[in-house]
Chemist: 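Right, I'll just put the structure down here and ask away after.
The sequence lines fix the lettering, A, B, ..., with proteins before strands; numbering per chain opens at 1.
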Amino acid sequence: MTRRDCGIICAAMSEIRVRFAPSPTGKVHIGNIRAAIYNWLYARHTGGKFLLRVEDTDLERSTPEAIQALLECMEWLGLDYDEPAFYQTKNVDRHMACVEKLIADGRAYKMEKTSRDGKTGEVVMFRMPKEGTLAFDDIVKGHMEKKAEDVPDFAIVRSDGSPIFHLANVVDDIDQRVTHVIRGDDHVENTFKHIELFKALGATPPKYGHLSMIVNAQGKPYSKRDGAAFVGEFRENGYLPEALFNYLLLLGWNPGDEREVLSRQEMIDLFDIEKVHVTAARFDIKKLQWMNGEYIRRAPREQYRQELLSRLGAAGIVPPPDFNLDLLVDQLQIRTKFWNDIPGNCIYFFTEDYPVDEKAVEKRLKKPGVKELLLDLASRFARLEPFTAAAGEAMVKDIAQGQGMGPWVHPIRVAVSGRMEGPGLFEMLELLGRERTVARLERAARSLP
RNA sequence: GGUCCCGUCGUCUAACGGUUAGGACACCAGGUUUUCAUCCUAGUAACAGGAGUUCGACUCUCCUCGGGACUGCCA
């Protein structure tokens with residue numbers, strides 16, 4: 001409580017500024033985007049600023065397309081930033097000016113060095129303290145300390161004259177007036193170097209918080225083999241941005257009570273960077289899938305309706321004007337786990353060219369008596385007035401005479417939809433309409449010996 | 001190898017040093033239902049191991065084991 005009060009006071013005195021600083025390599029990884037989410041929430045929670053810095057100094061991999069993909073991911077997740085995106089390549093002059101100053105101050109020196117791949121050239125090295133301890137208080141990991149002798153000098157300018165990450169990163173943080181650096185665990189060791197760099201440049205180091213990694217189902221760091229670890233893939237697979245956002249947030253943080261599905265506003269209100277976990281979290285696709293279904297079920301009908309129309313449209317289907325879309329939404333919304341499920345789960349309402357599950361046919365239709373049953377039902381449905389779900393259900397109930405309706409319902413379902421699961425049967429028939437229902441019952445009957 | 005970090009159900013996690021160690025996902029058994037899904041009810045399942053401190057340890061200390069990060073002219 002005291003801490004939080006202090007945070008508010010400090011924010012009033014000097015605004016909190018955090019940043020997401022990805023290098024655009026084409027695909028945005030979930031671990032990176034979770035860091036972005038935590039930064040964004042921290043900024044929104046404290047009333048500070050969330051900044052975007054594109055670390056595009058790796059000219060090989062940084063393409064306009066990659067940057068575009070990055071921006072789209074952020075927009076999809078609702079990670080809006082408060083100042084124009086800062087491009088690292090635009091700040092190279094500043095980087096080099098800082099190097100000159102460091103050299104002039106004796107904090108950096110030129111040196112002949114042989115790189116890992118055997119190339120020799122002159123680089124600029126940053127001089128680290130040689131004795132004493134280096135320490136900082138990590139917002140999530142607590143007090144971190146190292147002997148100075150364990151952190152050697154390091155290169156800040158390549159032999160081709162280009163600035164290296166450590167230097168560029170720190171100079172940019174100074175220029176963007178970043179107050180809190182919340183980033184991946186893999187930077188913990190770098191922090192000892194970065195803090196010295198800040199000091200050598202006459203700047204106050206920011207506060208640091210290091211996030212543990214997200215590991216795969218085997219508990220190992222994600223590799224390219226794991227797949228589906230990129231934000232874009234979740235989008236393509238029909239996940240809701242809100243669900244992915246919520247799930248990622250819960251990987252390493254919780255609101256302190258038993259709530260899990262949170263609104264964006266609740267997240268902002270409750271998020272507390274100090275309560276973020278130190279331990280690595282395993283990515284559980286099953287729980288994400290559940291959460292996605294949860295978000296779809298909770299979505300406003302209108303949103304579902306729009307998504308339904310657009311997904312059908314993408315499949316080349318436009319429901320006819322007299323189609324009862326409301327009823328379809330009623331039936332489908334609770335049965336949808338991914339947006340991508342939509343066309344497949346209702347395509348048979350709109351075309352005669354729909355897939356038929358042969359196992360279903362085997363189980364429900366290829367039985368003695370079913371042919372006659374379907375013909376009988378076809379003629380009954382042809383006469384049913386009105387042709388509604390309620391009337392259809394009443395009719396079959398009447399035929400079943402108080403017994404279970406299974407023997408009638410199951411064959412009808414497979415005969416008219418080609419599958420064993422789906423909306424309530426009578427709603428399904430109403431949506432199909434009399435003509436299609438009768439025609440499909442007769443067609444199914446004809447296909448039987 | 002060296003430096004640093006971490007360790008509660010299968011997974012994500014909760015638990016002022018005192019709880020029958022709680023919740024969620026998954027799993028499983030029922031119920032509702034014309035199928036599937038939803039929904040409701042119940043269940044299986046964890047403090048890595050060992051010392052110590054303490055009246056009392058998941059919680060504090062140490063050791064062991066296990067996992068991870070870093071150890072670039074990559075970011």
Chemist: Is any side-chain N of the basic residue among A:Lys193 and A:Glu196 closer than 4.0 Å to the acidic one's carboxylate O?
Modeler: no
Chemist: On a whole-Å scale, what distance lies between the P atoms belonging to B:U64 and B:A14?
Modeler: 28 Å
Chemist: For atom P, what is the distance between B:A15 and B:G23, given to the nearest Å?
Modeler: 15 Å
Chemist: If I pick the C1' atom on B:G17 and the same atom on B:G52, what distance separates them, to the nearest angstrom?
Modeler: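 Looking at atom C1' only, B:G52 and B:G17 are 15 Å apart.
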Chemist: Can we say A:Lys359 and A:Glu362 salt-bridge, meaning some charged N sits less than 4.0 Å from an Asp/Glu carboxylate O?
Modeler: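 Between A:Glu362 and A:Lys359 there is no salt bridge, as every charged N stays at least 4.0 Å from the carboxylate O atoms.
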Chemist: Salt bridge or not for A:Lys287 and A:Glu260, using N-O below 4.0 Å?
Modeler: yes
Chemist: When the distance from NE2 of A:His187 to C1' of B:C4 is rounded to whole Å, what number comes out?
Modeler: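 The answer, rounded to whole Å, is 16 Å.
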Chemist: What contact category does A:Val188 fall into here, base, sugar-phosphate, or nothing, at under 4.0 angstrom with non-hydrogen atoms?
Modeler: nothing
Chemist: Check A:Lys275 with A:Asp272, please: is the shortest side-chain N to carboxylate O separation under 4.0 Å?
Modeler: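 Salt bridge present between A:Asp272 and A:Lys275.
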Chemist: Which nucleotide sits closest to the side chain of A:Glu258: B:G22, B:C6, B:A69?
Modeler: B:G22
Chemist: For atom C1', what is the distance between B:A46 and B:G31, given to the nearest Å?
Modeler: 30 Å
Chemist: Using a 4.0 Å heavy-atom cut-off across all strands, classify A:Met144 as base, sugar-phosphate, or nothing.
Modeler: sugar-phosphate
Chemist: Which part of the nucleic acid does A:Asn190 contact within heavy-atom distance under 4.0 Å: base, sugar-phosphate only, or nothing?
Modeler: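 A:Asn190: base contact, heavy atoms under 4.0 Å.
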Chemist: According to the Watson-Crick and G-U wobble definitions, with both distances under 3.5 Å, which nucleotide is paired to B:G17?
Modeler: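 Across any shown strand, B:G17 pairs with none.
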Chemist: Is A:Lys146 touching bases, backbone alone, or none of the nucleic acid, heavy atoms closer than 4.0 Å?
Modeler: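 Since a base atom lies under 4.0 Å of A:Lys146, the category is base.
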Chemist: Just the table, please: protein N/O against nucleotides 34-40 of chain B N/O, every pair under 3.5 Å.
Modeler:
{"from": "B:U34", "atom 1": "O2", "to": "A:Arg413", "atom 2": "NH2", "distance (Å)": "3.4"}
{"from": "B:U34", "atom 1": "N3", "to": "A:Leu425", "atom 2": "N", "distance (Å)": "3.2"}
{"from": "B:U35", "atom 1": "O2'", "to": "A:Met420", "atom 2": "O", "distance (Å)": "2.7"}
{"from": "B:U35", "atom 1": "N1", "to": "A:Arg413", "atom 2": "NH2", "distance (Å)": "3.4"}
{"from": "B:U35", "atom 1": "O2", "to": "A:Arg413", "atom 2": "NH1", "distance (Å)": "3.3"}
{"from": "B:U35", "atom 1": "O2", "to": "A:Met420", "atom 2": "O", "distance (Å)": "3.4"}
{"from": "B:U35", "atom 1": "O2", "to": "A:Gly422", "atom 2": "N", "distance (Å)": "2.9"}
{"from": "B:U35", "atom 1": "O2", "to": "A:Gly422", "atom 2": "O", "distance (Å)": "3.3"}
{"from": "B:U35", "atom 1": "N3", "to": "A:Arg413", "atom 2": "NH2", "distance (Å)": "3.0"}
{"from": "B:U35", "atom 1": "N3", "to": "A:Gly422", "atom 2": "O", "distance (Å)": "2.7"}
{"from": "B:U35", "atom 1": "N3", "to": "A:Pro423", "atom 2": "O", "distance (Å)": "3.3"}
{"from": "B:U35", "atom 1": "O4", "to": "A:Arg335", "atom 2": "NH2", "distance (Å)": "3.2"}
{"from": "B:U35", "atom 1": "O4", "to": "A:Pro423", "atom 2": "O", "distance (Å)": "3.4"}
{"from": "B:U35", "atom 1": "O4", "to": "A:Gly424", "atom 2": "N", "distance (Å)": "3.1"}
{"from": "B:C36", "atom 1": "O2", "to": "A:Arg335", "atom 2": "NE", "distance (Å)": "2.6"}
{"from": "B:C36", "atom 1": "O2", "to": "A:Gly422", "atom 2": "O", "distance (Å)": "3.3"}
{"from": "B:C36", "atom 1": "N3", "to": "A:Arg335", "atom 2": "NE", "distance (Å)": "3.1"}
{"from": "B:C36", "atom 1": "N3", "to": "A:Arg335", "atom 2": "NH2", "distance (Å)": "2.7"}
{"from": "B:C36", "atom 1": "N4", "to": "A:Arg335", "atom 2": "NH2", "distance (Å)": "3.2"}
{"from": "B:A37", "atom 1": "O2'", "to": "A:Ile334", "atom 2": "O", "distance (Å)": "2.7"}

Chemist: Take A:Phe192 and A:Trp290, find for each the nucleotide of RNA chain B with the closest heavy atom, and name the residue whose nucleotide sits nearer the 5' end.
Modeler: A:Phe192
Chemist: Once you apply a heavy-atom cut-off of 4.0 Å, does A:Ser159 come out as touching a base, just sugar-phosphate, or nothing?
Modeler: base
Chemist: Whether A:Arg94 and A:Asp172 form a salt bridge (side-chain N of Lys/Arg under 4.0 Å from carboxylate O of Asp/Glu) is what I want to check.
Modeler: no
Chemist: Could you state the CZ-C1' distance from A:Phe154 to B:U3, rounded to the nearest angstrom?
Modeler: 17 Å
Chemist: Whole angstroms only, please: what is the CG-P distance between A:Leu262 and B:C12?
Modeler: 19 Å
Chemist: Sticking with atom P, work out how far B:A21 lies from B:C47, rounded to a whole angstrom.
Modeler: 12 Å
Chemist: Using purine N1 to pyrimidine N3 plus N6-O4 or O6-N4 for Watson-Crick, or N1-O2 and O6-N3 for G-U wobble, both under 3.5 Å, which nucleotide pairs with B:C62?
Modeler: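 Per the H-bond distance test, B:G50.
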Chemist: How would you label the contact of A:Lys147 with the nucleic acid (heavy atoms, under 4.0 Å): base, sugar-phosphate, or nothing?
Modeler: nothing
Chemist: Using whole Å, report how far CG of A:Asp138 lies from C1' of B:C6.
Modeler: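 Between C1' of B:C6 and CG of A:Asp138: 13 Å.
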Chemist: Determine which nucleotide pairs with B:U35, using a 3.5 Å limit on both distances of a Watson-Crick or G-U wobble pair.
Modeler: none
Chemist: Taking only the P atom of each, what is the distance from B:G43 to B:C58 in whole angstrom?
Modeler: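 Here B:G43 and B:C58 have their P atoms 24 Å from each other.
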Chemist: Report the distance from atom NZ of A:Lys286 to atom C1' of B:C9, rounded to the nearest whole Å.
Modeler: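 A:Lys286 atom NZ is separated from B:C9 atom C1' by 17 Å.
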Chemist: What's the CD1-C1' distance between A:Ile214 and B:C6, to the nearest Å?
Modeler: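 Distance, rounded to whole Å: 16 Å.
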Chemist: For A:Asp341, is there an ion pair with A:Arg311 - N to carboxylate O distance below 4.0 angstrom?
Modeler: no
Chemist: Check every strand shown and say whether A:Glu260 touches a base, only sugar-phosphate, or nothing at a heavy-atom separation below 4.0 Å.
Modeler: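 Contact class for A:Glu260: base.
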Chemist: Would you please classify the geometry between the A:Tyr304 ring and the A:Trp339 ring as parallel, tilted or perpendicular, with 30° and 60° separating the classes?
Modeler: tilted
Chemist: Can you tell me the pairing partner of B:A57 across any strand shown, Watson-Crick or G-U wobble, with both distances under 3.5 angstrom?
Modeler: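 Answer to the pairing question: none, since B:A57 forms no Watson-Crick or G-U pair.
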Chemist: Look up atom CG in A:Leu134 and atom NZ in A:Lys147, then write down how far apart they are to the nearest 0.5 Å.
Modeler: 11.5 Å
Chemist: Any base atoms under 4.0 Å from A:Ser62, or only sugar-phosphate, or nothing? Heavy atoms, all strands.
Modeler: nothing
Chemist: Using modelled atom types only, decide if a donor and an acceptor are shared between the side chain of A:Arg19 and the backbone of A:Asp173 within a distance under 3.5 Å.
Modeler: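 Side chain of A:Arg19 to backbone of A:Asp173, a donor-acceptor pair under 3.5 Å: no, none is there.
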Chemist: On a whole-Å scale, what distance lies between the P atoms belonging to B:A48 and B:U59?
Modeler: 8 Å
Chemist: Could you work out the separation of B:A57 and B:C40 based on their C1' atoms and round it to a whole Å?
Modeler: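 Those two atoms are separated by 39 Å.
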Chemist: Would you say A:His277 places a side-chain N or O within less than 4.0 Å of OP1 or OP2 belonging to B:U13?
Modeler: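 For B:U13, OP1 or OP2 has a side-chain N or O of A:His277 closer than 4.0 Å.
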Chemist: Grab the CZ-C1' distance between A:Arg282 and B:A26 for me, whole Å please.
Modeler: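 Checked: the CZ to C1' distance equals 14 Å.
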Chemist: Both A:Glu112 and A:Tyr247 contact RNA chain B. Which one's nearest nucleotide lies toward the 5' end?
Modeler: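 In this pair, the answer is A:Tyr247.
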Chemist: Could you check whether any side-chain N or O of A:Arg440 sits under 3.5 Å from a backbone N or O of A:Ile412, counting only pairs where one atom can act as donor and the other as acceptor?
Modeler: no
Chemist: Would you kindly give the CD-to-P distance between A:Glu189 and B:C5, to the nearest whole Å?
Modeler: 9 Å
Chemist: Looking at B:C4, which nucleotide sits across from it as a Watson-Crick or G-U wobble partner, both distances under 3.5 angstrom, or is there none?
Modeler: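 Its partner is B:G68.
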